[in-house]
Amino acid sequence: MQYHFNEIEAKWQKYWAENKTFQAVNQSNKPKYYVLDMFPYPSGAGLHVGHPLGYIASDIYARYKRHKGFNVLHPQGYDSFGLPAEQYAIQTGQHPAITTETNIKTYRRQLDQIGFSFDWSREVRTSDPSYYKWTQWIFIQLFESWYNNDSNKAEAIETLVSKFASEGNTHVNAVCDDNIEAFTAEQWNSFSSEKQQDILLQYRLTYLAETEVNWCPALGTVLANDEIVNGVSERGGHPVIRKKMTQWSMRISAYAERLLQGLDTIDWTDSLKESQRNWIGKSVGASVTFKVLSNEECHAELVEASHKIEVFTTRPDTIFGVSFMTLAPEHELVSEITTPEQKAEVEAYIQATAKRSERDRMADVKTISGVFTGAYAEHPFSKEPIPIWIGDYVLAGYGTGAVMSVPCGDQRDYDFAKHFNIPIPNIFEGVDISEEAHADKDHTIIANSDFLNGMNYKKATKRAIFELEQLGQGEGKTNYRLRDAVFSRQRYWGEPFPVYYVNGKPQMIDKAHLPIRLPDVEKYLPTETGEPPLGRADVWAWCTETHLVVSNDKINNTTVFPLELNTMPGWAGSSWYFFRYMDAHNDQKFASEDALNYWENVDLYIGGSEHATGHLLYSRFWVKFMKDRGFVNVEEPFKKLINQGMILGTSAIVYRINIKTVDASKNRIISDGAFKYISVKSNIFASYNYLVSISNNEIKPSSTNSGLFFEAKNKELIFSLMKLFEVENEYLEQVLDGNCVLEITYDPIRIDVNNINNSDEIIDFDKMKLWNEFENALFINDSGHIEDEGGVFTVGREVEKMSKRWLNVVNPDSICEQYGADSLRLYEMFLGPLEQAKPWNTAGITGVHGFLKKLWKLYVGENGLHVNDSEPTKDNLKTLHKTIKKVEEDIENFSFNTSVSTFMIAVNELTTQKCTSKKVLEPLLVLLSPYAPHIAEELYSQLGYNESISTAPFPKFDASHLVESSKNYPISFNGKMRFTLELPMDMSKDEIEAAVMSHEKTKAQLQGREPKKVIIVPGKIVNIVE
RNA sequence: GCUGAAGUGGUGGAAUUGGUAGACACGUUGGACUUAAAAUCCAAUGUCCAUUAGGACGUACGGGUUCAAGUCCCGUCUUCAGUACCA
């Protein structure tokens, strides 16, 4: 009986589906374990072999945990709102829901054929109204919450309202908008409802705010920074302008500190935690207020009270080193403080910066630019006037958009000061600042700084803040880089907001009436007036009497009101989906309390590192919010997280050859295509091996750049090349005379990797000729013959990102068909460490496939099963238990590549041992089952079981089988291993030394010399030092 | 620049605690079986020197610690990823 993987795999996939083998239950005596893959977007292109890598790893772990006696939740679903479906809809008019449905079907088929142990009964889709109903519900909860800094958590907005009503807002310690007016309880109670709503909006965790965005009028949409290249849209090259728009925002900044602290409680990689830390960007320092001196006279008595510049600094200890101030060109005070003499220059500078995109400004770090405003600020302590400059190295969006410049301690300030000849006072004891700024704060003593003299960074900072507070001109402050997150998208294919507007004030629709379904539109583009696509919907108004979405023409602004036209961003649905899997069909709650209490949070989360600062930060924010409001009882969504590395493609390259004769100075081309073949045929392609061989292995053609490959100088070679290319005689003579040079250049051309065999050779030339480029082409094969096709033709290879563009995409469908899902699963793991990026090369899969065949043969012979009840030998048990130990350790460490090797070694050994014992071969199947579940199930059933192998207990490791009686000692001389010696394990050090020293090879090695020292580590090594 | 990861045969990679570097595979070469091919099986395969015995070199580079270094320490270089005028 042979190993018919296709039949076996189809059979077990059907069995698992019919028997609901992997359905998780919400009540169990077993301990729970929750394994989750990052939410996939079902793209139209389907899966390539890179996609399932993480799924295979998590599946192995999930299956392993089932063998270990856990109740495992391992669900899967789709983050099915998103741009590609919308783009497709814009182009074709096809409703995105239809495209999405089709794509999901393809995805599901591809996932099923790989044999994942997903519990599909819990599938969720973000675009399903029964799901986004709860996304809308959470949005409303955020709207109805504020962040209380005193209790350090989010609270219901009612608690804020009652505070306002009883004591006004002056004692409220909340995370809110800047520049909020103070009011008393009486004032609050006398405010109109509209005014009250306006005020509350400044406190809510989701709020409407004016945000500056990159608006592209031609596309009618907002673009992300990386969608803009050189100030125009990447797609289409349309101009982009900065525009203020009213959009929903999320007050994630309220959670900055908790998001930072929480990182210490979770088991994520350092690099991931580090990028979240960077993103949150906490800096501790002080805010300092500088008074602006009046324009007329720079005397302290004439300080104009109305103009103050607030700055944030991490180095209040260096405040006596301030020699100028710099404002961002966009800073609102710039126009007010600029003196008439400087006005023209300042305005020109502001205009020039406005033209540069934010990205350009950031990319260009070298150019120092700025303008003096003519105004001066007063130093809070020395009362000296300080010139105020503007410069585009100060960003409007960070801190207060203004800095106190301390050139001696900050390199950018230093460069600026040098460039504009501003004094650079030195306030560090014994430090030379003639060449560059001195940023070190740990080993530096402050000098020339009045009351800070002689203090170190820590002391001086404390004192400076204290003194600033005394003056009322500053205080200690912690600043975060993390900005509130914009939550509105001018798109169609996303969650609609449950929001309508009364007199322009947002109102939440009552939770009882959710979901608010996405309306139909006849086109998926923005409206002519620049409104989002939902502006095209005819039925998109809210009736407060019937609680229904009604036709727009019923809008009367008394009972029927317009609905929100934006939709939610992609991260809305993905920020909480892991809770929905716990209770996917609940229509009363997003998940029942019982389910939430049982499953808690995700134990193991696997996905790509591209979500480091998006999804993984936002979902942590939402979970913390939901915890605060008592909806869930966990503080973090993902306990352990692993980033799988990208699988890269191995592109196949052929070299298009150009032959020219040029004059000896190489300036003038004498002939370009003066060859018979070129005049007849369009293209000549050379094989990699040919190109390497004619250059005597000196040149390896680059796969990415075209260029001069070869210059023929050698007469013999010239002859052979001319013969090969049938160069016309007139040139032949000139080349031989040395008047001309034969020059060969090449262009690398990628061809489909699926047309390459295991030895990097082209399989099918006819298939290739379907591409224009290769039609009628000629091929110089490895042996140097020009042929229409055929011969051995080796391609060059280059590792690059797997993408259609490079023709290096390998589809798992064809792998499964040719080698089976178990081979695919094993090979993906075998490629290398999970976290590392590594190239895919289909050629190698024969190795793991051969292993599976060998495994099969260990159990099944030509006449059926040859496993029996014979007692295992000592060797059998040794092999088994060493495999158990290694595989278990590997799985716990997510080192799946090494366990595949371990399986290979085990099967090689057991085959050599001719093992037929069920007592060894059965546990081996359980070990293998997480990796290659189909073959494991099949052989397990052939051993006589009617149940699935999926919950068979994981074999117990017994160390007694690994105890060795002897050890093959490496005998080293001065650390170099010379020979090995088999010695009993129970020998003492002295006995070992005696045995080694008396050995003839030792004597030969020493040649009579007396060793200085003999190092013996029993059970490990012997080292003789001469 | 900063942060993180990494650098080992022709290739993917192994060596988890400092203790026989290159496991396990791919590829290559030779052989068996076959009319032939495929499949399968066997053997060799880091580089160099040597007929053999054996020897020298070898984990990006330069130092160091140690009886012993891919592994630890110092310095340098390179690659990849993320991030960036963050005050």
Side-chain angles (χ1 to χ4, degrees), chain A residues 2 269-275 277-279 281-283 285 311-315 318 325-326 328 361-368 391-395 397-406 409-413 415-416 479-481 609-610 612-613 643 645-646 648 650 758-760 797 799 826-827 830-833 835-848 850-851 853-854 857 886 889-890 892-893 895 897-905 908 968-980 1011-1017 1019-1026:
Chain A
Q2 278 204 324
T269 60
D270 287 340
S271 68
L272 198 56
K273 288 186 184 182
E274 201 53 38
S275 45
R277 285 196 191 103
N278 284 340
W279 197 259
K282 180 180 183 177
S283 35
V311 302
F312 174 75
T313 176
T314 54
R315 298 292 303 274
T318 64
M325 298 190 70
T326 318
R361 262 172 77 174
M362 286 192 265
D364 182 15
V365 185
K366 297 233 166 67
T367 322
I368 295 164
D392 66 3
Y393 79 98
V394 177
L395 304 179
Y398 183 76
T400 57
V403 299
M404 58 175 228
S405 303
V406 184
D410 181 289
Q411 194 57 45
R412 284 156 310 166
D413 294 344
D415 294 340
F416 195 89
N479 209 32
Y480 297 91
R481 193 178 81 103
S609 54
E610 68 273 20
T613 46
N643 287 133
M646 211 193 319
L648 305 164
T650 310
N758 290 357
S759 310
D760 293 349
R797 310 234 62 168
V799 172
L826 283 174
Y827 188 52
F830 188 65
L831 280 179
E835 279 121 312
Q836 256 172 47
K838 55 229 162 227
W840 175 272
N841 192 345
T842 306
I845 202 172
T846 52
V848 292
F851 155 73
K853 286 200 227 171
K854 210 165 164 183
K857 282 209 276 189
K886 179 82 171 117
E889 282 170 4
D890 283 348
E892 298 286 358
N893 293 322
S895 172
N897 54 326
T898 48
S899 25
V900 179
S901 305
T902 305
F903 286 129
M904 289 174 170
I905 294 167
N908 288 346
N968 195 21
Y969 279 94
I971 313 298
S972 317
F973 292 81
N974 294 328
K976 278 195 174 119
M977 204 278 285
R978 293 300 172 185
F979 61 95
T980 58
K1012 279 192 195 133
K1013 208 171 170 187
V1014 180
I1015 310 269
I1016 292 165
V1017 185
K1020 286 243 158 119
I1021 197 171
V1022 175
N1023 190 17
I1024 295 162
V1025 188
E1026 289 183 58

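Each chain gets a letter, A, B and so on, in the order the sequences are listed, and its residues count up from 1. Because the structure is predicted, anything quoted here is derived from the model rather than measured.
- A:T613 and A:S275 share no donor-acceptor pair across their side chains, judged by distance under 3.5 Å alone.
- Out of B:A87, B:A56, B:A25, the shortest distance to the side chain of A:M904 is found at B:A25.
- Counting only heavy atoms from C-beta on, A:Q836 has its side chain closest to B:A6 among B:G27, B:A87, B:A6.
- Each of B:C26, B:C85, B:G55 was ranked by its minimum atom distance to the side chain of A:A843; first place goes to B:C26.
- Not one side-chain nitrogen or oxygen of A:R277 sits closer than 4.0 Å to the OP1 or OP2 atom of B:C2.
- Here the separation of B:U79 from B:C41, taken at their C1' atoms, is 42 Å to the nearest Å.
- Taking atom CZ of residue A:R797 and atom P of nucleotide B:G27, one finds them 12 Å apart after rounding to whole Å.
- The OH atom of A:Y827 sits 10 Å away from the P atom of B:C26 (whole-angstrom rounding).
- At a cut-off of 3.5 Å, with distance as the only test, a side-chain donor of A:D890 or A:T898 sits close to an acceptor on the other residue.
- Taking atom P on both B:A68 and B:U45, the two are 30 Å apart, rounded to the nearest angstrom.
- Across B:C42 and B:A50, the matching C1' atoms stand 28 Å from one another, rounded to whole Å.
- Heavy-atom contacts from other residues, nucleotides or ligands closer than 6.0 Å to CD of A:E892 number more than 12.
- Counting heavy atoms from C-beta on, the side chains of A:N841 and A:R797 come closer than 4.5 Å.
- Atom-to-atom, CD1 of A:I971 to C1' of B:C67 comes out at 14 Å; the value is rounded to the nearest Å.
- Going from the C1' atom of B:A25 to that of B:A15 covers 16 Å, rounded to whole Å.
- A donor-acceptor pair under 3.5 Å is formed between the side chain of A:N893 and the backbone N or O of A:E889.
- Dashed line: the shortest gap from a side-chain N or O of A:R412 to OP1 or OP2 of B:C86 is under 4.0 Å.
- By the 4.5 Å heavy-atom criterion applied to side chains, A:N897 and A:P833 are counted as neighbours.
- Distance CG (A:D392) to P (B:A87): 18 Å, rounded to an integer number of Å.
- A:K854 places its NZ atom 6 Å from the P atom of B:C41, with the value rounded to the nearest Å.
- A distance of about 16 Å separates the C1' atoms of B:G46 and B:G12, rounded to the whole Å.
- Nearer to the 5' terminus of RNA chain B, by closest-nucleotide assignment, is the contact made by A:E274 (compared with the other of A:E274 and A:T846).
- Rounded to whole angstrom, the span from the NZ atom of A:K976 across to the C1' atom of B:A56 amounts to 8 Å.
- The separation of B:C24 from B:A14, taken at their C1' atoms, amounts to 7 Å, rounded to a whole angstrom.
- In this structure, of B:C86, B:C26, B:C24, it is B:C86 that holds the atom nearest to the side chain of A:L395.
- The partner of B:U34 is absent, by the rule that a Watson-Crick or G-U pair needs both atom distances under 3.5 Å.
- When both distances must be under 3.5 Å, the Watson-Crick or G-U wobble mate of B:A43 is B:U29.
- Looking at heavy atoms from C-beta onward, A:K838 lies out of side-chain contact with A:V799 at the 4.5 angstrom threshold.
- Counting heavy atoms from C-beta outward, A:I1021 and A:M977 have side chains that stay 4.5 Å or more apart.
- Spacing between atom CG of A:N897 and atom P of B:C24 amounts to 15 Å, rounded to whole angstrom units.
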Close N/O contacts between protein and nucleotides 10-12 of chain B (under 3.5 Å):
from	atom 1	to	atom 2	distance (Å)
B:G12	O2'	A:L831	O	2.6

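- Two residues are said to be in side-chain contact when any heavy atoms from C-beta on lie closer than 4.5 Å; A:N1023 and A:V1014 fail this criterion.
- Ionic pairing of A:E274 and A:R277 is present here: one or more N-O contacts between side-chain nitrogen and carboxylate oxygen are shorter than 4.0 angstrom.
- Between the A:R978 side chain and the A:I971 main chain, no donor and acceptor come within less than 3.5 Å of each other.
- A:N278 places its CG atom 17 Å from the P atom of B:G1, with the value rounded to the nearest Å.
- Pairing of B:C77, defined by two Watson-Crick or G-U wobble distances under 3.5 Å, is identified with B:G7.
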Report, one pair per line, the protein and nucleotides 15-20 of chain B atoms (nitrogen or oxygen only) whose separation is under 3.5 Å.
from	atom 1	to	atom 2	distance (Å)
B:U16	O4	A:K886	NZ	2.2
B:U16	O4	A:D890	OD1	3.1

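- No side-chain donor-acceptor contact under 3.5 Å links A:Y969 to the backbone of A:K1020.
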Nucleotides 52-54 of chain B: which of its N/O atoms have a protein N/O under 3.5 Å away?
none

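- Here, B:A84 and B:U3 have their P atoms 16 Å apart, quoted to the whole Å.
- Between B:A87, B:C67, B:A84, one nucleotide has an atom nearer to the side chain of A:S283 than all others, and that is B:A87.
- Among the heavy atoms of the strands, none lies under 4.0 Å from A:T613.
- Look at B:A14: it lacks any Watson-Crick or wobble partner with both distances under 3.5 angstrom.
- Using the six-membered ring where Trp is involved, A:Y827 and A:W840 have ring planes that are perpendicular, over 60° apart on the 30 and 60° scheme.
- Residue whose closest nucleotide on RNA chain B sits further toward the 5' end, between A:L272 and A:K853: A:L272.
- In this structure B:G82 sits in a base pair with B:C2, meeting the Watson-Crick or G-U test at under 3.5 Å.
- As the counterpart of B:C67, B:G19 is assigned, both hydrogen-bonding distances of the Watson-Crick or G-U wobble pattern falling under 3.5 Å.
- Glycosidic conformation at B:G82 (O4'-C1'-N9-C4 for purines, O4'-C1'-N1-C2 for pyrimidines): anti, more than 90° from 0.
- Comparing the P positions of B:U17 and B:U71 gives a spacing of 13 Å, expressed to the nearest Å.
- Using modelled atom types, no side-chain atom of A:N479 and backbone atom of A:S283 make a donor-acceptor pair closer than 3.5 Å.
- Remark: side-chain polar atoms of A:K854 are not paired, donor with acceptor, to backbone N or O of A:N908 under 3.5 angstrom.
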